[in-house]
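Structure, as structure tokens:
Counting starts at 1 for both ligands and their atoms, in listed order.
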Amino acid sequence: MSISNAVITTLPQDFIFGVATSAYQIEGASKTDGRGPSIWDDFCHKPGNVANYDNGDFACDHYNRWKTDLDLIHGLNVDAYRFSFSWSRVLPKGTGQINEKGLAFYDRLIDGCLERQLQPFATLYHWDLPSSLQQLGGWTHRDTAYAFVEYAALMVTRFGDRLASISTFNEPWCSSMLGYLEGIHAPGLKDISLTMKSIHNQHLGHGLAVSQIKSINPSLPTGIVLNLQSIYPGSDSEEDQSAAIRHEAFNNGTFLDPLFKGSYPSAVTDSLGHHLPENWQDDLCNIHQPLDFWGLNFYTPTRVIHTCQRESAFPHTAQIFLDSEHECTDLGWEINAATLKELLIDVYKKYQLPPCYITENGACFNDEPTEGTVDDTRRVQYFEDHIAEIAKAHQAGVPIRGYFAWSLLDNFEWAEGYTMRFGLIHVDFHTQRRTIKRSGEWLANLAQSHHARKNSSLL
Ligand code: GCO
């Protein structure tokens with residue numbers, strides 16, 4: 001199985017390949033060297049929230065194994081490494097007192113990337129809010145946006161000149177919708193009013209941080225990472241078709257519109273505007289900032305139907321799974337690569353967007369090592385199919401600059417704990433032994449062929 005040359009040659013020559021992780025999912029060392037607690041520590045340590053009562057206390061022990069992990073990334077021949085900073089490692093209470101030992105870890109990590117010719121793509125917020133800020137209301141409180149700006153300024157002042165890019169937020173949809181509405185992620189709340197406030201305050205934190213970052217380091221490429229949904233009606237009925245439109249306004253528009261148009265969709269404000277913080281309109285110009293890039297995290301399409309249950313709030317939709325018609329991953333997520341291309345083309349038609357990176361794409365398959373190898377051919381197929389669709393989107397005019405596979409390592413998969421594996425590298429969580437899977441070897445070959453093509457065209 002090997003991706004055809006035709007696909008590689010359609011990608012732009014300066015296209016980059018990378019791998020992605022996030023702090024809470026791999027670092028471990030949750031109490032080491034002065035790290036403060038985050039909402040994910042608190043959430044995991046309440047029984048019933050996470051499968052098997054798992055937590056990120058040790059995770060992949062990356063805090064101690066960063067050097068050999070960077071060697072593994074280097075061995076994959078990729079150009080870039082996308083990781084996130086742990087806010088409570090550097091500002092244990094979220095604001096105020098700085099933890100130099102925490103900063104020293106990221107100093108080592110970033111220098112380690114540069115020594116291995118890996119471009120560091122950093123993310124400021126991948127869901128692990130310092131607990132002290134949650135005690136004051138978390139993202140429902142405006143002050144959290146200001147604390148985020150202080151944190152962004154600290155990180156960019158220290159590291160900005162060595163980073164290839166910085167993203168403010170990773171998937172604000174998840175930290176608000178899963179954390180404040182569905183209650184399945186930290187902080188585990190189920191309240192539409194708090195959800196709308198948490199969305200708005202994250203947007204505000206993003207916009208203010210972008211201005212701050214640009215004033216400190218105007219040449220640092222700055223963006224945000226979104227998990228837009230590729231939405232389809234669950235049937236041909238008119239009801240389901242309008243459900244899909246409402247679902248899109250709520251789940252994509254609530255994020256894209258303020259960030260890229262400086263407004264919220266009217267369908268959203270008509271139904272839910274009263275839940276936004278007072279005078280929210282005054283923040284829109286601060287939220288709507290020019291960005292150098294945006295990132296798309298994509299895994300699976302979303303199919304929705306109309307629901308008329310009394311208790312359902314706007315957008316009155318429910319997600320359905322067509323698992324009998326499509327192949328699925330071990331998490332039950334439909335595999336449908338063409339929907340990634342459709343989403344990319346569609347979103348560039350609807351919005352004025354800067355160039356994008358696919359900042360995450362990958363699949364959960366729980367293959368285990370046999371005689372020292374992990375034969376995850378289904379993951380290889382998944383990557384091949386999705387990269388082929390990205391190449392088609394590029395040919396259709398979408399400005400795509402790179403692709404990051406999720407994930408470098410099997411890791412702490414949030415509410416699923418360690419039961420669900422997304423890695424290119426298998427981790428035995430008892431021994432911390434790493435085994436490169438067949439998909440890791442495949443990515444190393446792909447990245448190498450891409451380099452060979454770049455180099456030969458330079459001759
Ligand atoms: C995400 C997350 C990852 C998940 C991955 C698989 O941004 O959704 O960045 O943390 O592990 O998406 O569910």
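Close contacts between ligand 1 and Glu360 involve ligand atoms 1 (C), 2 (C), 3 (C), 5 (C), 7 (O), 8 (O), 9 (O), 12 (O) [criterion: under 4.0 Å to a heavy atom]. In the vicinity of Trp414, heavy-atom distances shorter than 4.0 Å reach the ligand 1 atoms 3 (C), 4 (C), 10 (O), 11 (O). Counting atoms of ligand 1 from 1 in the listed order, those under 4.0 Å from a heavy atom of Asn297 are 7 (O). In summary, the atoms of ligand 1 found under 4.0 Å from a heavy atom of Phe422, numbered by their order in the structure, are 6 (C), 13 (O).
The proximity of Trp127 to ligand 1, defined as any non-hydrogen pair under 4.0 Å, is limited to the side chain. By the criterion of a heavy-atom distance under 4.0 Å, the side chain of Trp333, and not its backbone, is placed next to ligand 1.
At under 3.5 Å, a nitrogen or oxygen of Glu171, whether backbone or side chain, sits near a nitrogen or oxygen of ligand 1. The distance criterion of under 3.5 Å between nitrogen or oxygen atoms is not met by Asn411 with respect to ligand 1.
Taking the ring centroids of His126 and Tyr24, they lie at or beyond the 6.0 Å cut-off. Remark: aromatic rings of Phe105 and Tyr63 are close, center separation under 6.0 Å. The aromatic ring centroids of Phe404 and Phe121 lie less than 6.0 Å from each other. Tyr125 has its ring centre less than 6.0 Å from the ring centre of Trp139. Checked against the 6.0 Å centroid criterion, the rings of Trp333 and Phe321 do not qualify as a close aromatic pair. For an aromatic pair to be called close, the ring centres must be under 6.0 Å apart, and Phe15 with Phe17 satisfies this.
When only non-hydrogen protein atoms are considered, atom 5 (C) of ligand 1 lies nearest to Tyr299 OH, 3.2 Å.
Residue contact check for ligand 1: Met420 places no non-hydrogen atom closer than 4.0 Å to it. The shortest heavy-atom distance from Asn227 to ligand 1 is not under 4.0 Å.
Look at Asp61 and Arg65 and you find a salt bridge, because one of the NZ, NE, NH1 or NH2 atoms lies within 4.0 Å of a carboxylate O, short of that distance.
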